[in-house]
Amino acid sequence: MSFLGNAILAFWADVEASGEADYNDWHTREHMPERCGVPGFLRGRRYIAVAAAPKYFMMYETETLETLASPAYVDRLNNPTPWTRKCLALFRNSNRTACRNTLSIGRGIGGAMATIRLAPAPGREAGLRGWLTAEALPKLLERPGISAAHLCEADVETTTVKTAEKNIRDKPDEVARWVLLLEGIDADIVGRACRGALSASALEAHGAERGAVTGVYALHYVL
C-alpha cells in the first residue's frame with residue numbers, strides 16, 4: 001500500500017518548548033481528527049525528529065490536490081478553534097507545501113521516514129524526475145527494511161491560498177519545490193539510504209540544485 005490518495009499536504013515546523021506538550025495533545029485530540037473529518041482527507045501522520053530540523057514533520061494524504069483548496073478545507077483554515085489559535089502561535093520555522101504525488105510506491109507505513117526538500121535545476125526537471133521515478137526510488141524499495149518511497153511536487157497556487165491560520169504563525173511559511181519521502185522500519189535504514197543513493201552529490205549529479213535539506217524522523221502518531 002502506497003499513499004492513499006493522489007496528493008499530500010507536507011508540513012515541517014518547530015514548536016516553542018514551553019508549549020510542546022500542549023501542542024502534541026492538541027494535534028492528537030483535536031487537530032488531526034478535525035482535518036481527517038474534511039471530505040477528501042484520508043489519513044494524517046505526525047513524526048518527530050531523529051536527525052532533522054525542524055523538529056516535527058506532519059502530513060496528510062488526500063484524494064486529490066483539489067481537496068487542499070476545497071471550500072470545506074478552506075473554511076476550517078479560516079475558522080480556527082481557540083485551541084488551534086493557541087497552538088499555531090507556538091510554531092516556528094514552518095514549511096507548508098501542498099503537493100501532487102508524482103510517484104508513490106511500496107507497502108504499509110514505516111516506523112521512520114526521511115524527508116528531502118529539493119529543487120530541480122533549471123531545464124533539468126525531466127531528467128531528475130525520470131531518474132527518481134524509474135531508477136532511484138524503485139531500486140531503494142528493493143532494499144531490506146525500506147517500505148515505501150514517494151516523489152511529490154509542489155503546487156504553488158494551492159499552497160499559497162491566503163487563510164486566517166497562516167496569519168497566526170510567526171512568519172510566512174516556506175514552500176518546498178519537490179519533496180522526496182522514504183519510509184523504512186527504522187531511522188538507521190532510511191538514514192543510510194539518504195546518505196548513499198539520495199545524497200546531495202547523487203541528487204545534484206542527476207539534476208537537482210544545491211541545497212537539498214534532508215531529515216530523518218520517527219513516526220509519532222497516525223490517524
Side-chain angles (χ1 to χ4, degrees), residues 1-13 32 35-36 38 40-47 49 52 54 56-70 73 94-110 112-121 124-141 146-161 173-184 190 193-194 197-200 202-204 206-209 211-217 219 222:
M1 180 177 61
S2 56
F3 283 158
L4 296 180
N6 294 314
I8 66 163
L9 179 66
F11 201 130
W12 295 259
M32 290 182 75
R35 290 301 192 253
C36 288
V38 173
F41 275 69
L42 303 175
R43 181 164 59 197
R45 313 188 200 183
R46 183 177 69 247
Y47 292 82
Y56 289 96
F57 173 63
M58 300 147 276
M59 59 165 286
Y60 292 95
E61 297 159 62
T62 64
E63 287 182 355
T64 65
L65 183 68
E66 288 72 24
T67 300
L68 295 169
S70 67
Y73 179 47
S94 56
N95 181 307
R96 178 185 180 278
T97 307
C99 302
R100 291 185 176 87
N101 298 336
T102 301
L103 179 72
S104 182
I105 52 176
R107 293 181 177 180
I109 295 174
M113 178 180 280
T115 76
I116 303 177
R117 286 171 276 158
L118 71 158
R124 301 191 68 183
E125 292 90 343
L128 179 59
R129 186 184 295 111
W131 173 69
L132 288 169
T133 59
E135 184 176 345
L137 298 185
K139 285 184 177 179
L140 281 171
L141 197 61
I146 298 296
S147 57
H150 320 275
L151 171 62
C152 310
E153 299 183 33
D155 184 272
V156 175
E157 183 178 358
T158 302
T159 301
T160 56
V161 171
D173 301 324
E174 296 180 6
V175 177
R177 287 278 304 283
W178 288 10
V179 179
L180 281 174
L181 302 171
L182 188 67
E183 301 185 58
V190 296
C194 289
L198 298 178
S199 67
L203 293 170
E204 290 165 21
H206 289 90
E209 292 184 345
V213 178
T214 299
V216 177
Y217 293 84
L219 186 62
V222 178

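Note that these values count all heavy atoms, side chains included, but never hydrogens, waters or copies made by symmetry. Given the structure is predicted, the values throughout are model-derived calculations rather than measurements.
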### Query
Can you say whether the rings of Tyr60 and Phe41 are parallel (under 30°), tilted (30 to 60°) or perpendicular (over 60°)?
perpendicular

Backbone N or O of [Y] within a donor-acceptor pair of the [X] side chain at under 3.5 Å?
| X | Y | result |
| --- | --- | --- |
| Glu183 | Gly110 | yes |
| Thr159 | Asp155 | yes |
| Ser104 | Phe3 | yes |
| Thr97 | Ala176 | yes |

### For Glu204, salt bridge (Lys or Arg N to Asp or Glu O under 4.0 Å) partners two or more places apart
none

Closest approach of [X] and [Y], non-hydrogen atoms and distance?
| X | Y | result |
| --- | --- | --- |
| Tyr47 | Ile109 | OH-CG2, 4.3 Å |
| Ala114 | Cys194 | CB-SG, 3.3 Å |
| Arg43 | Leu4 | NH2-CG, 3.6 Å |
| Val179 | Leu181 | CG1-CD2, 3.7 Å |
| Ala98 | Leu68 | CB-CD1, 3.8 Å |

#### Entry: Partners meeting side chain to side chain contact (heavy atoms under 4.5 Å, CB included) with Ala13 (sequence neighbours left out)
Phe11, Met58, Phe91, Ser94

### Query
Do Leu118 and Leu128 have side-chain heavy atoms sitting under 4.5 Å apart?
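With C-beta onward as the side chain, the pair touches.
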
### Query
What distance separates Met32 CE from Arg45 CZ, expressed to the nearest 0.5 Å?
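Going from the CE atom of Met32 to the CZ atom of Arg45 covers 9.5 Å.
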
### Carboxylate-amine/guanidinium contact Glu153 Arg129, below 4.0 Å
yes

